[in-house]
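Below you'll find the structure, written out as structure tokens, and then a few comments.
Note on naming: letters A, B, ... go to the chains in the order of the sequence lines (proteins, then strands), and numbering restarts at 1 for each one.
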Protein chains: 2
Amino acid sequence: MIVDNDTTIVNNDGVDRKNWSEPSSLSDRAFDYIRKSIFDGRFGPGDKINELDISNKLAISRGPVREAIRRMSSSGLLVFEPNSGARVVALSADKVEQLYDVREALEARAAALAAVRMTDAERTALSRTLEAHSQQMTEDNSNSYPRGGSDWDFHLMILKGARNDVIWRICGDELKDMFYLLRSQHGSSPGRGRKALEEHRWVAEAIVAGNADLASLLMAQHIRASRDNLLAAMRASALDAKSSISR
Amino acid sequence: MIVDNDTTIVNNDGVDRKNWSEPSSLSDRAFDYIRKSIFDGRFGPGDKINELDISNKLAISRGPVREAIRRMSSSGLLVFEPNSGARVVALSADKVEQLYDVREALEARAAALAAVRMTDAERTALSRTLEAHSQQMTEDNSNSYPRGGSDWDFHLMILKGARNDVIWRICGDELKDMFYLLRSQHGSSPGRGRKALEEHRWVAEAIVAGNADLASLLMAQHIRASRDNLLAAMRASALDAKSSISR
DNA sequence: AAATTTCAGATTGTCAACAATAATTGAAAT
DNA sequence: ATTTCAATTATTGTTGACAATCTGAAATTT
């Protein structure tokens, strides 16, 4: 899958860019570009990341691109093989289960910490966010969670409230990207949105009440439910693929 | 702190990696060199990592060194600042607590998984390892855990038995390095070794018996105890430093 | 026809030089 | 002695060229 959609990043218009949000180094720019390309679907799972293509595209040399690739490989979005290159990670059902296991353990802990550490302002903001999600769903007359990462908004607020940089780096940065990639490939089953919102509410209630153990438990349950849903969707799409054309 | 001790590269992994996996690329060699230098104490916490020095030392160019530095920054051992360079991470008590929180959540989960997934051979190996540790301590007539990462041997066996690559990467690779660095700075309190061994035994028993919930609980307790011990040691050495000479 | 070898093109790995930025020095002024 | 500020040095950021390795297709052998 290599779609050459040439929208973003115009650096050849001869104008010195200043207002364009500033990835300070070229390596950062390459990092952002690759990341965005993956989420846009221009690079699909298993696709090879060609250093030369990217450096040409961005009109920079291969050095910064290589650094970006090495970094992204460490974070898991790319899989690096010596003398061969990097590919976009292709997540098997097994690997997805492993990722969910980590999320469950870590976000449950984060929920417990958030229940203790969140400020009052953060707690009310959490409740309000869920209210907004609810309203959005009613307005859209939809049973799926509002588009644009609203689901993650909730999780990120809790992650942030936990005041743990390590958990944040793992869940809020790396795993978030992985799951974002996953969601772009497999939708969620109809009705899951309503259910998820309900679970979110329970978790939020426990956190607002300062009940750490309950928050932890409910978050674990919520993520387990989310996992079951996504794995079902994965298996379904796997069957689809198989029924269309055998290879 | 820069001591120039030129030891050769030795595989220092506790467990069964490839016996002489030589660093295929120069970048890997640089990575290993920096890592080893940190553990040897040649680079101390907060020390600047100079690209030129390292590339000279290894007689390679700066490109591979830069890649290694970027990678190591992603994994947490180095802290990278644009246009300034990378430094060895200096772990505050707060950060250490955060690291332990992650370890507790993840290794507790790993213990639960290991209790279900370990083969019989692995279970007996686990017990036997603890026997060896016990015997070693009696022989040495010491109350501290045998040197050379024996403590981690136990944890790594469980991590491996959990059959979760993501947990392994986080705990068995990244966090292990962080804690190894910590241990080299602050010892453990006298008597902790015996206690730790006892806790290890309880965890192992639960795992061998296939009792996932109990294994999880005991592992969490064990890590919590380990955290308390290390934090106490950190505070003690912090007081030492303060009482000696103000700088 | 199937398997193997050869070889050219493509891609990654490495290097040394140059550019841009940060850190340091030291003289002048206060 | 201290501060300011410009000049100098040290270090990081980037580049284009070259070397090593992989890939795939044509040519050769079986």
Review point. What residue pairs, at least two apart or across chains, pass salt bridge (Lys or Arg N to Asp or Glu O under 4.0 Å) with a residue in residues 76-101 of chain B?
Key: R109(A)-D101(B)
Exercise for review: State, with a plain yes or no, whether a side-chain heavy atom of L113(A) is found less than 4.5 Å away from one of R163(A).
Suggested key: no
Review point. Any chance the side chains of R183(B) and S188(B) put a donor and an acceptor closer than 3.5 Å?
Key: no
Study note, to complete from the structure: chain B vs DNA chain D, heavy-atom contacts under 4.0 Å, first-to-last nucleotide span, 5' to 3', is dT11(D) to dT14(D)
Point to revise | side chain to side chain contact (heavy atoms under 4.5 Å, CB included) partners of D165(A), counting only residues at least two apart | key: Q98(B)
Check your understanding: Between L52(B) (CG) and dA22(C) (P), how many Å, whole number?
Key -> 19 Å
Check your understanding: With distance as the sole test, does E122(A) use its side chain to make a donor-acceptor pair with the main-chain N or O of T119(A) at under 3.5 Å?
Key -> yes
Revision key, fill the gap. To the nearest angstrom, the CZ-P distance between R29(B) and dG13(C) comes to 15 Å
**Study point:** Rounded interatomic separation in angstrom, taking CG from N56(A) and P from dA10(C)
**Key:** 13 Å
Check your understanding: Is the side chain of R117(B) donor-acceptor paired with the backbone N or O of A162(B) at a distance under 3.5 Å, no angle test?
Key -> yes
Exercise for review: Nearest whole angstrom, please: distance from the C1' of dT11(C) to the CD1 of I54(A).
Suggested key: 13 Å
Exercise for review: State whether K48(A) places a side-chain N or O below 4.0 Å from either non-bridging phosphate oxygen (OP1 or OP2) of dT12(C).
Suggested key: yes
Review point. When all nucleic acid strands are considered with a 4.0 Å heavy-atom cut-off, which category describes I49(B): base, sugar-phosphate, or nothing?
Key: sugar-phosphate
**Study point:** Residues that A232(A) engages under side chain to side chain contact (heavy atoms under 4.5 Å, CB included), provided they are two or more places apart
**Key:** none
Exercise for review: Return yes if some donor-acceptor pair links the side-chain N/O of D47(B) with the main-chain N/O of F43(B) below 3.5 Å, else return no.
Suggested key: no
Check your understanding: Which residues satisfy the side chain to side chain contact (heavy atoms under 4.5 Å, CB included) test with A111(A), sequence neighbours excluded?
Key -> I158(A), I207(A), A215(A), M219(A)
Practice item. Could you tell me the separation between the CZ atom of R71(B) and the P atom of dG13(C), rounded to a whole number of Å? Key: 10 Å
Point to revise | Where protein sits on nucleotides 16-21 of chain C, one letter per nucleotide: B base, S sugar-phosphate only, - none, heavy atoms under 4.0 Å | key: -----S
Exercise for review: Take atom CG of N50(A) and atom P of dA10(C), then tell me their distance rounded to the nearest Å.
Suggested key: 11 Å
